[in-house]
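Below is one structure, written out as structure tokens; the observations come after it.
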2 protein chains.
Amino acid sequence: MGAMDKKVNEKSKTRPGRVRRTSNLENESRRKILDVASKLFRDKGYAATTLRQIGDAAGMQAGSVYYHFDSKEDMISEILDLGITYVHDEVKRRIEEMGKDASMRSYVETAVEGHLYGLLSHGDFVSANIRNYGQLPLELRERNRPIRQAYVTCWDKLLKRAQDAGDIRSDMDIKVLRLFIIGSLNWTVEWHDAEKGTIDDLASQIKMVLFEGVGTNGKK
Amino acid sequence: MGAMDKKVNEKSKTRPGRVRRTSNLENESRRKILDVASKLFRDKGYAATTLRQIGDAAGMQAGSVYYHFDSKEDMISEILDLGITYVHDEVKRRIEEMGKDASMRSYVETAVEGHLYGLLSHGDFVSANIRNYGQLPLELRERNRPIRQAYVTCWDKLLKRAQDAGDIRSDMDIKVLRLFIIGSLNWTVEWHDAEKGTIDDLASQIKMVLFEGVGTNGKK
DNA sequence: GTCTATAGATAGATAGAC
DNA sequence: GTCTATCTATCTATAGAC
């Protein structure tokens, strides 16, 4: 094949013992391939990563990878989906654990923590998504879109409720705010160094800037 | 060649009428190539963009591009440098125009405006840099590093002075703040739609969030 | 389930005509 | 300064042995 803007692989082979389009995370080799591929996609990009490199890193030959995946496109597609799912699940779980009577502001703060935690500690699935999504062919972006959209909607609902409750200033456009928050959190994958600071420290600095701003207004 | 992590092109041909490693922006074809290539690199990524696509978009054959550039790597290298230079110049120019007696906060605000303006209206050089830099081979990142570093230093100096002057809260780490600001500004290339809002509007919303925060503290 | 071997397509780059 | 033609390397993917 070669160039990635050519028409997409149409075939849909059925191989023994495989379930298609379901992430058999129990399968060890398959999981290993996803792990090393997401790291390579994150570090070098989808197009620059070869199946030989993926095979090498997974401890097998390039051809063997095709026992587990029908195509390179199917691999990135699954990685894109897993990335968003990790973050979304992390955010949902943390918010549900808070119960019903927390303040809207604290829900938003928890969502920030959850996003950051999912992003920076759940392997390379999330960052592979962030770094590659915008440059992938339309067909691949569209496959990932429903899962992305669900996550975006989760944030928009949360921010809207916080604004209605008076915890977010009313002259702020929610869509711009959501893009701003997720954007500034996502950018941390470009520079956060786990050796130099914990995720919790980073989260509290970002929450502070987000709600209080960096200005002093003559106070300090 | 093919894979981009192979060793870098060593040759240094000299062709008539060419100045090497200097951006002859007067040269029309050369400029056209840089324009279309930066757009392709931005949209599809460096590795996924072929010289045939660049040639097509520039109205010439792939082979002809090599009259103007020695390699694909030299092209992206020049584009990376031009991208940072655009933004840095825009920021410097705006700050210099303000004169000496403005407040430190207003200098920072002007820097935000300049960065955003350079980013969103100066062609695709800046966004090609933002989207590709982190995934390029080390050798290419190192070539671009001095120019990046100069820009980063410019921000760090500015933020430090603003903090010393009492315009930025003292418990804020300047390096984290700089990464946060540039990160959230850079992320706008992923979503800002010039049709739906002016850069000035976007800049004022971001300045507001940055200095005042989105919280209400019971006020509104 | 992984291997070897290879098919077929396409990449970056070069040579020489014009 | 651009074209055509082409070299060589490498890519994704497949086939069949084990």
Side-chain angles (χ1 to χ4, degrees), chain A residues 1-19 24 26-34 36-37 40-41 44-77 136-137 140, chain B residues 1-19 24 26-34 36-37 40-41 44-77 136-137 140:
Chain A
M1 293 274 259
M4 63 177 201
D5 45 357
K6 283 280 158 185
K7 76 168 196 306
V8 172
N9 210 336
E10 309 274 11
K11 74 192 157 12
S12 182
K13 294 176 306 187
T14 309
R15 290 211 190 79
R18 282 246 342 268
V19 183
N24 295 348
E26 326 81 57
N27 182 324
E28 209 172 296
S29 290
R30 188 181 155 81
R31 176 68 200 199
K32 177 79 178 165
I33 292 169
L34 285 175
V36 302
L40 287 163
F41 290 161
K44 308 152 55 75
Y46 171 69
T49 300
T50 72
L51 273 134
R52 284 170 181 80
Q53 291 163 351
I54 293 170
D56 275 359
M60 63 179 69
Q61 296 300 309
S64 310
V65 174
Y66 284 88
Y67 178 81
H68 302 280
F69 296 90
D70 285 344
S71 67
K72 194 184 172 189
E73 286 183 327
D74 281 358
M75 283 187 46
I76 185 76
S77 182
L136 290 171
L140 280 171
Chain B
M1 292 277 253
M4 63 178 201
D5 45 358
K6 283 280 159 186
K7 75 168 198 308
V8 172
N9 212 335
E10 310 275 8
K11 73 189 158 18
S12 183
K13 294 175 305 188
T14 308
R15 291 213 191 79
R18 282 245 342 266
V19 183
N24 295 348
E26 327 79 57
N27 182 324
E28 209 172 296
S29 289
R30 189 180 155 80
R31 176 70 202 198
K32 176 79 179 169
I33 292 168
L34 286 174
V36 302
L40 286 164
F41 290 161
K44 307 152 54 77
Y46 172 69
T49 299
T50 71
L51 273 136
R52 283 164 182 83
Q53 290 163 353
I54 294 170
D56 275 0
M60 64 179 68
Q61 295 300 309
S64 310
V65 173
Y66 284 87
Y67 178 82
H68 302 280
F69 296 89
D70 285 344
S71 67
K72 194 184 172 190
E73 286 183 328
D74 281 359
M75 281 187 46
I76 186 75
S77 182
L136 290 172
L140 280 171

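Only heavy atoms go into these numbers, but all of them, side chains included; no hydrogens, no water, no symmetry mates. Letters A, B, ... mirror the listed sequences (proteins, then strands); counts begin at 1.
B:E28 places its CD atom 10 Å from the P atom of D:dT2, with the value rounded to the nearest Å. If you take CD of B:Q53 and P of C:dT10, they are 12 Å apart, rounded to a whole angstrom. Rounded to whole Å, the distance from CG on A:D56 to P on C:dT4 is 12 Å. Atoms CG (A:D70) and P (D:dA15) sit 13 Å apart, rounded to a whole Å. The distance from atom CZ of B:F69 to atom P of D:dG1 is 13 Å, rounded to the nearest whole Å. Per the geometry, OH belonging to A:Y46 stands 12 Å off C1' belonging to D:dC11, to the nearest Å. Spacing between atom NZ of B:K72 and atom P of C:dT14 amounts to 15 Å, rounded to whole angstrom units. Whole-Å rounding puts the B:R31 CZ to D:dG1 P distance at 18 Å.
Nearest to the side-chain atoms of A:Y66 among the listed nucleotides D:dA13, C:dG1, C:dT14 stands D:dA13. Picking from D:dT2, C:dA13, D:dT12 the nucleotide with the shortest atom distance to the side chain of A:R52 gives D:dT12. Side chain of B:S29, nearest nucleotide from D:dT2, D:dT12, C:dG1: D:dT2. Across C:dG12, D:dC3, C:dT2, the shortest atom-to-atom separation from the side chain of B:L51 is found for C:dG12. Of the candidates C:dT2, C:dA13, D:dT14, C:dT2 carries the atom nearest the A:H68 side chain, counting heavy atoms from C-beta on. Residue A:T50 places its side chain closer to D:dC11 than to any other of C:dG1, D:dC11, C:dA11.
Side-chain atoms of A:Q53 and A:K44, non-hydrogen and from C-beta on, do get closer than 4.5 Å to each other.
A:A57 and A:K32 get closest at one heavy-atom pair: O-CE, 3.8 Å.
In this model, the phosphate group of C:dG1 is approached by a side-chain N or O of A:Y67 to a distance below 4.0 Å at OP1 or OP2. Between B:S64 and the phosphate of D:dC3, there is a side-chain N or O to OP1/OP2 separation shorter than 4.0 Å.
Note: A:L40 CG to A:T49 OG1 = 5.0 Å, rounded to the nearest 0.5 Å. Residue A:S77 holds its OG atom at 12.0 Å from CG of A:D70, rounded to the nearest 0.5 Å. Rounded to the nearest 0.5 Å, atoms CD (A:E28) and NE2 (A:H68) are 10.5 Å apart.
Comparing B:Q61 and A:G63 against DNA chain D, the residue whose closest nucleotide sits nearer the 5' end is B:Q61.
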